Structures are given as structure tokens and as C-alpha cells.
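Have a look at the structure below, then the notes.
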Number of protein chains: 2
Amino acid sequence: MSARRTELTRAAARLFAEKGYHGTSVGDLAEALGVRKGSLYAHIQSKADLLWEVAREGAVAFHAALDAVPEEGPAVERIRAALRAHLRVVAEQLDVATVFVREWRYLEGERRDAFVAERRRYEERFRALFREGRELGELRADLDDGTAALLALSAANWAYTWLRPGVDTDALADRFTSLLLEGMRGYASR
Amino acid sequence: MSARRTELTRAAARLFAEKGYHGTSVGDLAEALGVRKGSLYAHIQSKADLLWEVAREGAVAFHAALDAVPEEGPAVERIRAALRAHLRVVAEQLDVATVFVREWRYLEGERRDAFVAERRRYEERFRALFREGRELGELRADLDDGTAALLALSAANWAYTWLRPGVDTDALADRFTSLLLEGMRGYASR
DNA sequence: TGCGGAGGCTAACGATCGTTCGGAAGGCGG
DNA sequence: CCGCCTTCCGAACGATCGTTAGCCTCCGCA
């Protein structure tokens, strides 16, 4: 892919995240490249192509981040690693992550179907960590692992709204992990 | 407000939640009422009015729900009540809640400023519960209450994406509360 | 040196956008 | 029964939408 084409994708990610897909016109994208809007069609076939590309980029980034989580070892450590990985992607590719979480729903047809499947698969990989943690005895035997995964995924998916680039996402993820593991109730009141 | 006007607001909430503000045309809204698009302007001055109205309706609903949480009593019980209240609003007014959480950013000018202030105030009320819980000794003394509140608010704010009307939101909120309080680590591994 | 492809231009396309306008039903209170 | 108020109509407005077309320029490579 040419350098110019890459610039266009970056501008699309930024503008879709900032103003929304339907709130961004082809003219806006052209202006970001310092070009007339008709010229963009030397690079793309349609505006929808850009949404698809950014959404896919997000899916690839998040799945790749999960790939780096070890398959072996304590489930607790793998949960911590997964949260770290997710938050790192959000902070380092905030625009792409925003499109991945919020703007994907403007995809249409089979692209939308394919995206939803990828997204479901990602959440399933996340969920599995909590199930295994319970089954291996590292987490409470009576744990509702579905709810636990939902809580963790909520924090992960909501992060794009408040996470700013440059913060220490590892420390952040560890605080989340610690809270999820230990809870917030004091020993005195237990 | 006339009955017809109320119908229009309901249709706006539904369509804005389903297709997004910029993805919903005035023609779409008119069609939902079985009317020509020009006729809507007997009820509103602009499409933006509808977004403002639905967003404000959401703010009122969520604040009113928090108002029902007792000011006294154990902080833990008030946190549980706040989560119950929030999830109930999401389930019972899913469209309005979706606009409140996701579509508000298309507000412009001072309306947007006013909404942001209301939203911040709502989150602050939530946050205070966790701070008080720690200060009163009900939660661990070393609790990072900012992170705890962020975790709870993430679950609350993400709920519109998966919560379907008709589920037992009280039970759901209690599962969240229990997890937040007790954590998911087993006694064996502590 | 010539040629082709990449990338830009201007201009225009039809469609749709949000909004305005004058007029006409219809119901309801005076 | 009159007059007003609500509600809707049909038609049109200018603006903007995403996309296409034909043409030009420039650079790298045969």
C-alpha cells in the first residue's frame, strides 16, 4: 500500500473517531490530506472501504495483543497480561480502538457480519481466561465467570472514552486486575 | 407537550439509538410518524432540538434514579442501590440511555457544554459513594477509590450495548456489586 | 528518450440533506 | 357558528453528500 494511501487511512481513523463515520464527509478526509475530494478516488473505491479498513486494523491489533498472552501459566497472570495488552492497544492506537469499539456498527452487509464474528471471537478469548481460572481453582469455585468476564470487558471497552495516550497502561491494568481479584471490601467488614 | 410531540421524541430516541444521530434523517423520523418530513417542523425548530431533548431526558432519568439511593446507611448498600438504579434505567429506557451514553457528543455549543457538566456531575455522585465507603471504613483502607469507581462506571456505561429489556437488572447489579466487593480470587490462592 | 502509472485537478452528476413556505383541513372553545 | 390553533400537505429551497469523468503533470523505469 502506497504511503499516500496509508496517510488516508490514518486520517480516516482520526476523523471517524473524532466526528463519527456519518459525521465525517469525504471532503473532510480530502481536506486532511490537503487535496480535493475527487482525488481520493484514486486510492479508494468508496468511503465505506475506509471504515472497513480501520475496523479491521482494530480487530488485528486487539487479536495480536491477545496472541502475546502466554497460553500456559497461572490464569491470574494471563488475565493481568490480557488487560495490559488491551489497554496498551487502546492507548497506542486510540483512533483505531475507537472505531473498533464504537463506529463499526456503520459497516454494512457481509463486512459487518465478518466484523461482528471477529469481535465475538475476541470477547470469547477473553471470557475463556476467566472460565479457566475458575476451573483450575485459581478463582473462587462459586465464581460467576460470565459476569466476571463481562465486568473486565466493560472496563476494557469503555477505556477509549477516558484513556489518553501517554499514561502508564500497565500500571492501570494492574490496578484493575488487583481490584477484580481482591475486591474492595475491607477485611474488617467481611 | 402535545401527544404528537411526545411520539416524535420517542421515535427520535429509538432511531438515534438504532442508526445514530447523523445516520437518522428528518425523513426517517417523519416516516416513523407516518407523515411528510416538512410536517415535523410544526413541532420542532430543528433536528438538533430532538437530540438535546432525548439527551436531557436521559440525564434526568439517571439523576432521578440516583436520587432514590438513600443518603444514609452502609456505603456498600448504597453502592448496590446505585448500580441497581443505573441498570434499571438502562433496561427500561434503553433508547434514551443509548443516546445519553453514545450520541450526546453530537450536541453543539452551549447545549453540549451543559450536557457534559450534567454527565460529570452524575459520575461525581457515583464516585463519592466509593470515596465515602473507604473513608467510613467499609471498604479497604488502601482502596484506590478512583479506580474502583471507574470500574463500576465502566460496567454501568457499557451496559447499553448488551443489556436487553426484560432481564432482572436488580439481580444483575447485585452480581456486579458482589464481584466488586469480594473479588474473584479463591481463598485457596490468597 | 519515451512511456506508463500514480496522483492530482476541475467540473459536474443525481441524490439526499435540513429547512421554509403558503395553504388547507379539522377540532374545539367562545 | 365563527375563528383560532394544531397538524399536515405539496413543493421548493440552497447546501452538501458520495461518486464519476476527462484531463494534466510528473516521476521512475525500460
Side-chain angles (χ1 to χ4, degrees), chain A residues 1-56 95 99 102-112 115, chain B residues 1-56 95 99 102-112 115:
Chain A
M1 200 167 56
S2 80
R4 204 61 173 141
R5 175 59 211 266
T6 304
E7 277 186 72
L8 177 52
T9 305
R10 299 271 59 76
R14 183 170 56 80
L15 288 171
F16 291 168
E18 179 187 329
K19 313 170 36 154
Y21 175 71
H22 284 307
T24 302
S25 72
V26 174
D28 292 335
L29 293 164
E31 194 180 0
L33 294 212
V35 139
R36 304 284 181 167
K37 64 175 178 174
S39 308
L40 294 190
Y41 289 83
H43 306 285
I44 57 171
Q45 289 186 350
S46 75
K47 178 186 169 187
D49 289 354
L50 289 169
L51 179 60
W52 168 242
E53 193 166 304
V54 176
R56 260 190 84 255
D95 296 336
V99 171
R102 190 173 59 191
E103 300 298 321
W104 65 268
R105 66 201 182 99
Y106 300 115
L107 289 170
E108 290 180 349
E110 53 190 52
R111 284 177 168 180
R112 185 187 167 108
F115 180 89
Chain B
M1 202 166 58
S2 78
R4 201 62 172 144
R5 175 61 212 266
T6 304
E7 277 185 75
L8 178 51
T9 305
R10 298 271 61 76
R14 183 170 57 82
L15 288 172
F16 291 168
E18 179 186 327
K19 313 171 33 154
Y21 176 70
H22 284 308
T24 302
S25 72
V26 174
D28 292 334
L29 293 164
E31 194 181 359
L33 295 212
V35 139
R36 303 283 181 168
K37 65 175 177 172
S39 308
L40 293 190
Y41 289 83
H43 306 285
I44 58 172
Q45 289 185 350
S46 75
K47 178 186 169 187
D49 289 353
L50 289 170
L51 179 60
W52 167 243
E53 192 165 306
V54 176
R56 260 189 82 255
D95 295 337
V99 171
R102 190 172 60 191
E103 300 298 322
W104 65 267
R105 66 200 182 99
Y106 301 114
L107 289 169
E108 290 180 349
E110 53 189 53
R111 283 178 169 180
R112 185 187 166 110
F115 179 89

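Just so we're on the same page: letters track the sequence lines, and every chain starts at 1. In what follows, every heavy atom counts, from backbone to side chain, and hydrogens, waters and symmetry copies are set aside. Note that this is a predicted model, so its numbers are computed, not measured.
- Proximity of A:S2 to the phosphate of C:dG7: a side-chain N or O atom is located under 4.0 Å from OP1 or OP2.
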Please tabulate the protein-to-nucleotide N/O contacts below 3.5 Å involving nucleotides 21-28 of chain C, giving atom names and distances.
none

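- As rounded to whole Å, 12 Å separates atom C1' of C:dG7 from atom CG of A:L8.
- Remark: B:W104 pairs with B:F115 by the ring-ring contact (aromatic ring centres under 6.0 Å, His included) rule, at least two apart or across chains.
- One end of the helix from C:dT19-D:dA12 to C:dG30-D:dC1 points its axis 10° away from the other end's axis, with each axis taken from 5 pairs and the angle rounded to 10°.
- Under the rule for a side chain to side chain donor-acceptor pair (under 3.5 Å), the partners of B:R111 that lie at least two apart in sequence or sit in another chain are B:D49.
- Applying a 4.0 Å cut-off to non-hydrogen atoms, the residues of residues 18-36 of chain B that approach DNA chain D are B:V35, B:R36, listed by residue number.
- Taking atom NE2 on A:H43 and atom P on C:dG5, their separation rounds to 17 Å, with Å as the unit.
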B:D95/B:F16 under side chain to side chain contact (heavy atoms under 4.5 Å, CB included): CA gap, chis, key distance, verdict: CA-CA 8 Å; B:D95 295 337; B:F16 291 168; over 6 Å; no
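- Nearest heavy atoms, A:A32 versus A:L15: CB-CD1, 4.2 Å.
- Here the side chains of A:L51 and A:K47 are not in contact, with every heavy-atom distance at 4.5 Å or above.
- A:R36 is linked by a side chain to side chain donor-acceptor pair (under 3.5 Å) to nothing, counting only residues two or more places apart in sequence or in another chain.
- Partners of B:S25 under the side chain to side chain donor-acceptor pair (under 3.5 Å) rule, at least two apart in sequence or in another chain, are B:D28.
- With sequence neighbours left out, the salt bridge (Lys or Arg N to Asp or Glu O under 4.0 Å) criterion links B:E7 to B:R4.
- Under the side chain to side chain donor-acceptor pair (under 3.5 Å) criterion, B:T6 pairs with no residue at all, not counting sequence neighbours.
- For A:H22, the ring-ring contact (aromatic ring centres under 6.0 Å, His included) test picks out A:Y106, with sequence neighbours left out.
- Between B:Y41 and C:dT20 there is no side-chain polar atom (N or O) within less than 4.0 angstrom of OP1 or OP2.
- A:L107 CG to A:R56 CZ: the interatomic distance, rounded to the nearest 0.5 Å, is 11.5 Å.
- Under the salt bridge (Lys or Arg N to Asp or Glu O under 4.0 Å) criterion, A:R102 pairs with no residue at all, not counting sequence neighbours.
- Put simply, chain A comes within 4.0 Å of DNA chain D, heavy atom to any atom, from D:dC17 to D:dT20, going 5' to 3'.
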Criterion side chain to side chain contact (heavy atoms under 4.5 Å, CB included) on B:L29 and B:K37, from CA distance to verdict: CA-CA 8 Å; B:L29 293 164; B:K37 65 175 177 172; over 6 Å; no
